[in-house]
Each structure stands twice: as structure tokens, then as C-alpha cells.
Amino acid sequence: MNHVNKLRVVKGYRPFDRRITFMTWHPKKPTVLAVGSKGGDIIFWDYNEPKHEHMINGQGPGGSIQAMKFDVVDPSKIYTASITGLVCKQDFYGRNTQVFLETDNKDHWYTSLDVSFTGKVMLAGDNKGYVRILSVDGEQISQIRLHKQKVTHAEFNPREPWLISTASIDHTVKLWDIRNVKPKPEALHILNHNKPVNSAYFSLAHGNRLLTTDQHSELRIYEGPLWNHARTIAHPHRQFQHLTPIKAYWHPLEDIVIAGRYPDPNFPGYTTAELRTIDFFDADTGKILTQIIPHFKNGIISLNRFDAIGNVMVSGMGWDILVWKPFYPDGQDEKEDDEPTKFKEAETPEHFIKKKRGGGKTKKID
DNA sequence: AGTGTATGTTCCC
DNA sequence: TGGGAACCCTACAC
């Protein structure tokens, strides 16, 4: 089966002066990922290295990276959508920028992005409820209002690239047939939620399930081909302005749901001992499989992404990138430490703890 | 320790 | 349909 319950943080890295807002793996290099920040910075990092090789500098406040997608045809380039109002494609140095969309209005920006390389089409959702459809070379095909409020997420089904999902603050997730785009399109399915929705991801293994994360306490699973509501998983992950929105995501090989927990005193069953874990659920049953937590630091973990083979997982925990690997103990005891840490360059928790043990002050965490 | 910074959502007129 | 205050209550720098 899987080894999700054997995961352990082997590295932490803090490359930015702001929160992490997005993470995605390189399509060809299995140890490389792109990470974006609240300030618009993007790094390309091989997690076997202590530091990133390239960083694209953002504008600081108001630059937040909302979505990124590597160009599969030329993986030295990446598409980005940000609060600056731009959708563009750049190389690792931030050069050779191709601008696809630009709002020129500080109150109007792009929130989501996906590219279908088989269909040669790209999608970008904005904060007003519109979705734009473009050819991969940037020719605009249409601009349609699919939601009443901000579109938080838009993506192509990996198996059927004509099928797209969109999620919105307007409490809905909608499924659309992109072949049938009219000025006033009708959704194939409207999936109503109780709260605003952060994301609606098709399952990575087969593409026949849809996983939604709302802004309060529901994870939902819908199943194709009719996209019936299969089940709801109660899970605390409420929205907060200064927290990167929590988005549950899929394991790449099995239908396992991965979600960061933000304990909520108002959530049924809450206890003061509840931790800011990463929770894993079986999508078939909705049952919790396991919970993991970094043993040396305690922050809310908004984003989690396994690599393509389901071996290494990276997490976005505030300003920190965590790298998790399966660990099979060979007898020695695990060291524990509550000391918060700061990563200037990637280091192992053990390395950090060793340094701290040499006479650092101790700080109590209530 | 105490304050300032950060572009998220709701509710009200 | 838009502007502004209230509210959600993290986590950093100085």
C-alpha cells in the first residue's frame, strides 16, 4: 500500500520574506519544484540542494502568486497568475516574459490558471467571477462570466481536457464543457456548498473524482461521470485573511485526500490538545487514515503536494517549505524538540536541533 | 511586550 | 454594484 504514515520532515527551507502561496513540481526533473510567495517571488529549487538556483523577484506587497503551471513543452518556462493582474510565461530568470493577460487595474487580478497541453488551451479565472479562455500562444478565445464572485480555482480534467471545473467564493463549484462555450454558457453541473470554496481538484490517479475544499469545515468528494456528491468529510480548515487558504489535494497514485488541519474550538469534537496536523483520508470511505506533524515546529500547513511517484511530499507551512520523506526507523529513538526554527537555507531538523542544543535559549509554547 | 504589516470575506447602506 | 467598517485571528520584523 502506501507509506503516508511513515512520512517525516527531512528538510525545511525558508527562501522568502513572506508566506508561501503556491507550490508545483517540475514535470521532468523529479527533485525540482517551483514555489511562489505572497510577495510575488518564485523559486526553482532542487530539494537535494541547500539553496535554490533561481529566484524571480516579485514586487512585494500585492504581488501574490495565485497559480503556476510549468510549460510541459518547454519546462524551462512557467506560467503564472498573480495579484499584480498579470498572467504570463517566464523563464527561470524572469526573462523572456510573454504577457497573456494584464488588467492594469489594482482592484482586478487573476486568481487561477491551468493549461491543457493536449488541447493547446489555457484558462484563467479572476477575482470578479470571469474566466478567460486562450490558445496556448495567447490568442484570446473568450471571456465569460461563470461565477457571481471571485473564481478561486479553475482546471482542466486530466483525462478529458474539454471538461473544466471552477470553484468560487459564491459557494459553488461548476463543471463546464469547454467545447460548448457560448456568451452565456450553461454549466454541466452546479455543485452547491455551504461556504465559499477554495479549490476543486480532479483526482490525479484517474481523473474521475473531484475534491473540493470549502472555507470552513467541509471536504467534499464528487464522482464522475455524473459528478454525484459521494461524501463529505468533516475537517476544520477555516478561512483567515492572513493564512494561505487551505486546499486539500490528492495523492498521485491512490485516491487519498491530504489536508492541513487548523483546529477550531467551534468544530465538533474539538479538544485543546488538537494539533495542526496534516490529515490523510481514504476517498472511498471518507475515513481518516493517519495524521502527521513536523516534530520540531508547529504551524498551520496550507498546501501539500506529493511528487509524481508518491514518494516525497512538500508542504507550505507559513513561510516554510517542508520536505517529507518516508522513514523506516532502524531502532534509534526519535529526538523531539519544541523550539521554533528559522531556515536560512535548507537544513535538516536534526541539524537545527543540534545547533540549538549547544546553549540556545528555550522558549515555552503554551 | 507591543505595534505595524499583510489585497480575505461579510455585512450594511 | 460599490465603498467602507468589522471581523476571521497568523506570524513575522522591528
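Quick note on labels: first sequence line is chain A, next is B, and so on, each numbered from 1. Owing to the predicted nature of the structure, the values given are computational and were not obtained by experimental measurement.
Rounding to whole angstrom units, CG of residue A:D320 and P of C:dT10 are separated by 17 Å. Distance, A:N266 CG to C:dC8 P: 10 Å, rounded to whole Å. Computed from coordinates, the A:R238 CZ to C:dC7 C1' distance equals 13 Å when rounded to whole Å. Across the protein-nucleic acid pair, A:H237 atom NE2 and C:dC9 atom C1' stand 17 Å apart, rounded to whole Å.
Distances shorter than 4.0 Å separate some side-chain N or O of A:R276 from OP1 or OP2 on C:dA11. Here A:Y262 reaches the OP1 or OP2 of C:dT10: one of its side-chain N or O atoms lies under 4.0 Å away.
Residues satisfying the ring pair (Phe, Tyr, Trp, His ring centres under 6.0 Å) criterion with A:F156, sequence neighbours excluded, are absent altogether. In this view, A:R231 and A:E223 satisfy the salt bridge (Lys or Arg N to Asp or Glu O under 4.0 Å) rule, not counting sequence neighbours. The salt bridge (Lys or Arg N to Asp or Glu O under 4.0 Å) search around A:D177 returns A:R179, not counting sequence neighbours. Looking at residues two or more places apart in sequence or on another chain, you find a salt bridge (Lys or Arg N to Asp or Glu O under 4.0 Å) between A:R220 and A:E218.
The aromatic rings of A:F70 and A:H26 sit tilted relative to each other, their planes meeting at an angle between 30° and 60°.
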(request) Go along nucleotides 4-9 of chain B 5' to 3' and tag each nucleotide: B for a protein heavy atom under 4.0 Å from its base, S when only backbone or sugar atoms are that close, - otherwise. (result) --BBBS
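Nucleic acid contact for A:G299: sugar-phosphate only, since backbone atoms but no base atoms lie under 4.0 Å from a heavy atom of the residue. No contact: A:F16 has no heavy atom under 4.0 Å from any strand.
Residues A:W176 and A:V197 are members of one and the same hydrophobic cluster, defined by side-chain heavy-atom contacts under 4.5 angstrom among Ile, Leu, Val, Met, Phe, Trp and Tyr.
Separating the C1' atom of B:dA6 from that of C:dC8 is a span of 14 Å, rounded to the nearest Å. Between the C1' atoms of C:dA13 and B:dA1, the separation comes to 14 Å (whole Å).
A:V136 and A:V121 get closest at one heavy-atom pair: CG2-N, 3.8 Å.
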Any protein N or O atoms within reach of nucleotides 4-6 of chain C? Criterion: under 3.5 Å, listing atom names and distances.
none

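A:R305 forms a cation-pi arrangement with A:Y249, by the criterion of a distance under 6.0 Å to the ring centre and an angle within 45° of the ring axis.
Atom CZ of A:F281 sits about 6.0 Å away from atom CG of A:L219, to the nearest 0.5 Å.
The listed nucleotides are B:dT10, C:dC8, C:dA11; the one nearest the side chain of A:I300 is C:dA11.
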